[in-house]
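Keep in mind that what you see is a predicted model, and the values were worked out from it rather than measured. Note that ligands are numbered from 1 as they come in the structure, with each ligand's atoms numbered from 1 the same way.
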Amino acid sequence: MTDWKTRTKLVHEGTRRSQYGEMAEAIFLTQGFAYESAESAEARFVKAGEDEFIYARYGNPTTRMFEERIAALEGTEDAFATASGMAAVNGALVSMLRAGDHVVSSRALFGSCLYILEEVLTRYGVKVTFVDGADLDQWKKAVVPGVKAVFFESMSNPTLELVDIRAVSEIAHAVGAVVIVDNVFATPIFSRAVEQGADVVVYSTTKHVDGQGRALGGVVCGSKEWIRKVLEPYMKHTGGSMSPFTAWMHLNGMATLDLRCRAMADSALRVAQALEGEAAVSRVIYPGLASHPQHALAMAQMGSGGTLVTFEVAGGKEAAFRFMNALEIAKISNNLGDAKTIATHPATTTHQRLPQEQKDKLGITPGLIRLSVGLEDAEDLIADLRQALAQA
Ligand SMILES: *Cc1c(COP(=O)(O)O)cnc(C)c1O
């Protein structure tokens with residue numbers, strides 16, 4: 001790793017060139033690698049060198065470029081690229097846990113993350129305790145000696161509630177627990193999770209890293225020891241590795257990741273400010289606004305409010321649907337971090353399965369809209385939102 005700044009790393013870090021000296025990152029669409037001799041095959045299986053690969057499920061030159069680039073960005077020694085964000089979350093947890101272990105997690109989680117903690121881990125005898133992620137007293141009570149891992153999303157979906165990474169890491173480390181952070185909403189650009197105490201940082205690279213809604217991908221970032229000794233054996237033998245084609249798309253996308261995330265976050269702030277003044281909007285949630293209860297924490301933790309804005313259309317589900325159907329630029333979908341602005345109605349889509357009581361607890365009201373702000377001109381976006389609100 002070098003001491004380059006973010007934008008330089010995003011363009012150059014991890015690049016491996018073949019004997020042709022190609023300028024652009026090459027895509028190695030190969031599952032295997034030919035050995036010069038039986039002896040060299042044997043030697044590689046004993047210990048593969050830096051530039052030696054065995055099988056694409058174990059590693060591939062294009063995938064390795066992506067891993068090195070994102071590890072450098074995140075400030076970790078190493079990373080392992082996975083087939084999706086969920087393969088990353090599942091791998092990070094399952095690779096390190098065994099029956100009888102105890103995990104503490106925040107409750108406000110992406111549906112599939114909740115499934116892994118609630119359904120998968122418990123099925124294999126792992127004890128899971130859920131806490132309200134913003135409440136440090138609950139973390140202090142739940143993280144007792146013997147807890148192996150602590151898991152949380154640093155900014156929750158869709159209500160943009162933050163978990164204090166530094167404070168929770170201190171609590172976890174006092175009992176020797178590993179801190180695993182799903183950092184998707186913070187983006188790798190605004191993330192300082194490792195500096196703030198996280199041990200393992202997980203991303204769905206489907207989101208901002210791809211940035212154009214093309215490919216599913218994920219990555220787990222951590223120390224060389226943890227990634228190679230704990231995570232890699234599980235990932236390479238269970239088949240959750242990233243495709244070289246996806247890694248190649250991500251490498252291309254990363255050159256503009258910093259520019260894109262900052263432009264999206266600038267527009268998100270302008271959108272949030274504009275929505276705060278709209279009579280048809282009963283509530284605006286954006287960590288970059290002074291009105292957000294954790295505004296100070298957001299600025300200290302990310303230096304930005306991020307690229308998502310959540311708000312409530314007055315008039316419940318009917319008004320929210322009329323608003324969404326009237327949008328001309330923003331698309332109705334459920335991805336995020338895309339160049340195209342996306343409006344999502346969590347109560348009927350991403351969080352549909354949750355019982356009403358759980359929705360109430362998480363603040364997922366019938367009028368709630370989650371907006372992933374894209375790269376369009378902010379003035380056009382605000383005009384689109386205003387004309388759609390007028391029809392709500
Ligand atoms: C999207 C997402 C995931 C899952 O990622 P996939 O790439 O869809 O598998 C996990 N956590 C969070 C917070 C997400 O937004």
(request) Say whether Ala88 and ligand 1 are in contact under the criterion: heavy-atom distance to a ligand atom below 4.0 Å. (result) no

(message) Does the structure place the NZ or CZ of Lys207 under 6.0 Å from the centre of the six-membered ring of Phe110, at an angle of no more than 45° from the ring's axis?
(response) yes

(request) Report the member of Tyr203, Phe110, Phe185 with the shortest heavy-atom distance to atom 3 (C) of ligand 1. (result) Phe110

(request) Compute the minimum heavy-atom distance from Val89 to ligand 1 and say whether it is under 4.0 Å. (result) no

(request) For Gly217, take its heavy atoms, then give the atoms of ligand 1 lying under 4.0 Å from any of them. (result) 7 (O)

(request) Compute the minimum heavy-atom distance from Asp182 to ligand 1 and say whether it is under 4.0 Å. (result) yes

(request) Considering the heavy atoms of Ser84, write down every atom of ligand 1 situated less than 4.0 Å from one of them. (result) 7 (O), 9 (O)

(message) Give me the nearest non-hydrogen protein atom to atom 14 (C) of ligand 1 as residue plus atom name, then the distance to 0.1 Å.
(response) Lys207 NZ, 3.0 Å

(request) Please report which non-hydrogen protein atom sits nearest to atom 8 (O) of ligand 1, along with the residue it belongs to and the distance in Å to one decimal place. (result) Leu216 CD2, 3.9 Å

(request) Give a yes or no answer on whether the side chain of Thr341 reaches the backbone of Gly374 with a donor-acceptor pair at less than 3.5 Å. (result) yes

(message) So does Arg192 get a backbone contact from the side chain of Gln301, meaning a donor-acceptor N/O pair under 3.5 Å?
(response) no

(message) Regarding ligand 1, does Gly85 bring an N or O atom to under 3.5 Å of one of the ligand's N or O atoms?
(response) yes

(request) Among all protein heavy atoms, pick the one closest to atom 7 (O) of ligand 1 and tell me residue, atom and distance. (result) Thr206 OG1, 2.6 Å

(message) Checking the N or O distance criterion of under 3.5 Å, is ligand 1 in contact with Glu153?
(response) no

(message) Is the contact between Met86 and ligand 1 made by the side chain, the backbone, both, or neither, using heavy atoms and a 4.0 Å cut-off?
(response) both

(message) I need the Gln138 CD to Ser106 OG distance, nearest 0.5 Å.
(response) 11.0 Å

(message) Check for me, please, whether Val219 and Val194 land in the same ILVMFWY cluster - side-chain distances under 4.5 Å, paths through other members count.
(response) yes

(message) Would you say the ring centers of His292 and Tyr286 fall short of 6.0 Å from each other?
(response) no

(message) Is the shortest side-chain heavy-atom distance between Leu257 and Arg260 below 4.5 Å?
(response) yes

(request) Please answer whether the main-chain N or O of Ala81 pairs with a side-chain N or O of Glu67 as donor and acceptor at a distance below 3.5 Å. (result) yes

